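Just so you know, these numbers come straight off a predicted model, no measurement behind them. In each ligand, atom 1 is the first atom listed, and ligand 1 is the first ligand listed. Positions are given from 1, in the same order as the sequence printed here.
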Amino acid sequence: MTDRRNRPLSPATRLAQALKYVDERTGALVPPIQPTATYARDADYGKRRDFIYRRDGNETVELAEAIIADLEEAEACLLFASGMSACHAIIDALGTGDHVVVPEVMYHGVLAEFRRASALGRLEVSHYRAADLDDLRAQMRPGETTLVWVETPNNPDWDVTDIAAAAAIAHEAGARLVTDCTATPPCATRALEHGADISFHSATKYLGGHSDVTAGALSVRETGAFWQALAERRMLHGTVLHSFDAWLLIRGMRTLPLRYARQSESAMKIARHFDGHPGVARVLYPGLPAHPGHEIAKRQTGGQFGGMLSLVIRGGERAAIDVARGCALFYPATSLGGVESLIEHRKTVSGEGFRVDPALLRLSVGIEEADDLIADLEQALARVTG
Ligand SMILES: *Cc1c(COP(=O)(O)O)cnc(C)c1O
């Protein structure tokens with residue numbers, strides 16, 4: 001989109017105006033919610049317009065998809081009822097026996113789905129140390145590997161993977177690169193621009209931004225047979241986003257850059273404050289200059305590192321659980337990217353079988369005043385670690 005003098009409009013402008021949405025019939029600036037389950041056909045029993053049934057999607061979902069595709073500079077976007085259903089569509093669209101390479105440490109639900117596909121003999125799954133490109137290269141089977149999964153920064157360690165370098169490794173072997181950059185939404189990281197073939201986001205998180213919708217987005221640089229397979233999976237699984245949730249997502253996305261900038265700024269303040277704190281053994285945040293992925297993260301986020309960080313508490317698992325319980329302002333809840341700050345003892349949330357430091361607390365920084373959040377963590381730490 002450009003303005004009247006043909007200058008390209010910034011993503012923040014396009015988002016605030018929902019791509020300058022105006023209802024054709026009424027002139028309304030806010031899109032309607034289209035809840036219909038089915039569509040009347042024309043006199044020849046053909047499609048009147050684009051849709052025949054709810055599972056195909058509808059006009060509310062289509063507008064939300066257009067907004068995300070525009071932001072991602074993607075050819076197309078598909079919205080699902082959750083991030084997990086979007087990930088599952090990818091796994092289900094792969095061929096039986098396909099070899100895939102995925103990180104050892106990543107969002108636990110997606111990892112569990114890959115492990116299940118492997119246990120059932122559906123896929124051959126190899127794992128690489130997250131962010132370690134030499135290990136990724138070593139796991140590739142040229143001509144045989146069909147998919148590489150990158151989560152950056154990854155849950156809950158926030159290690160940073162160089163997307164362009166991972167794309168080169170995947171493409172050299174003839175594989176597709178899928179990225180999960182849920183922690184740095186496309187106002188910061190446009191993964192397709194860095195070489196990813198499919199950009200996945202749990203839109204439940206920053207895109208929605210208000211903890212009131214679950215949604216998953218898949219965006220692609222080029223549509224083709226695999227894309228068609230994903231659209232077909234969504235239609236046959238019945239996992240399209242509901243129109244009311246699409247409407248909430250559109251409403252939430254209008255303020256994405258504003259929220260994300262504030263959350264990034266506050267997380268940086270919190271990370272700096274607790275770096276070297278006597279009650280905290282380690283602060284995991286790519287925004288800190290000493291973080292091994294700092295320079296890559298800077299390039300991939302434009303210097304806005306997001307609102308996700310982890311604190312490894314001195315005193316081990318018990319101390320970490322007590323600090324989380326001692327917070328008054330942070331909600332003890334999972335999820336991320338909402339306007340309210342959350343804290344979680346990650347090992348309790350992910351459960352057995354996932355590699356996570358038992359003393360790690362994952363923080364999702366909201367839009368509250370950063371000094372209030374710092375004071376809350378300070379008082380909780382003081383009670384536990386003295
Ligand atoms: C939340 C999340 C998912 C799963 O998305 P849902 O919307 O919860 O189904 C996948 N990856 C990451 C990094 C996430 O944070």
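Protein neighbours of ligand 1 below 4.0 Å, counting non-hydrogen atoms: Ser82, Gly83, Met84, Tyr107, Glu151, Asn155, Asp180, Thr182, Phe200, Ser202, Thr204, Lys205, Ala215, Leu336.
Cation-pi check for Arg176 over Phe200 is not met; the charged atom does not lie both under 6.0 angstrom from the ring centroid and within 45 degrees of its normal. For the pair Arg55 and Tyr53, the NZ or CZ position fails the cation-pi test of under 6.0 Å to the six-membered ring centre and within 45 degrees of the ring normal.
A pairwise comparison of heavy atoms in Arg282 and Asp357 identifies NH2-OD2, 3.5 Å as the closest pair.
At a threshold of 4.5 Å between non-hydrogen side-chain atoms, the residues Leu218 and Ile90 count as touching.
In summary, Arg234 and Glu65 engage in a salt bridge, as defined by a charged side-chain N under 4.0 Å from a carboxylate O.
Every pair passing salt bridge (charged side-chain N to carboxylate O under 4.0 Å, His left out) that includes a residue from residues 358-371 is listed here, sequence neighbours excluded: Arg262-Glu369, Lys269-Asp371, Glu344-Arg362.
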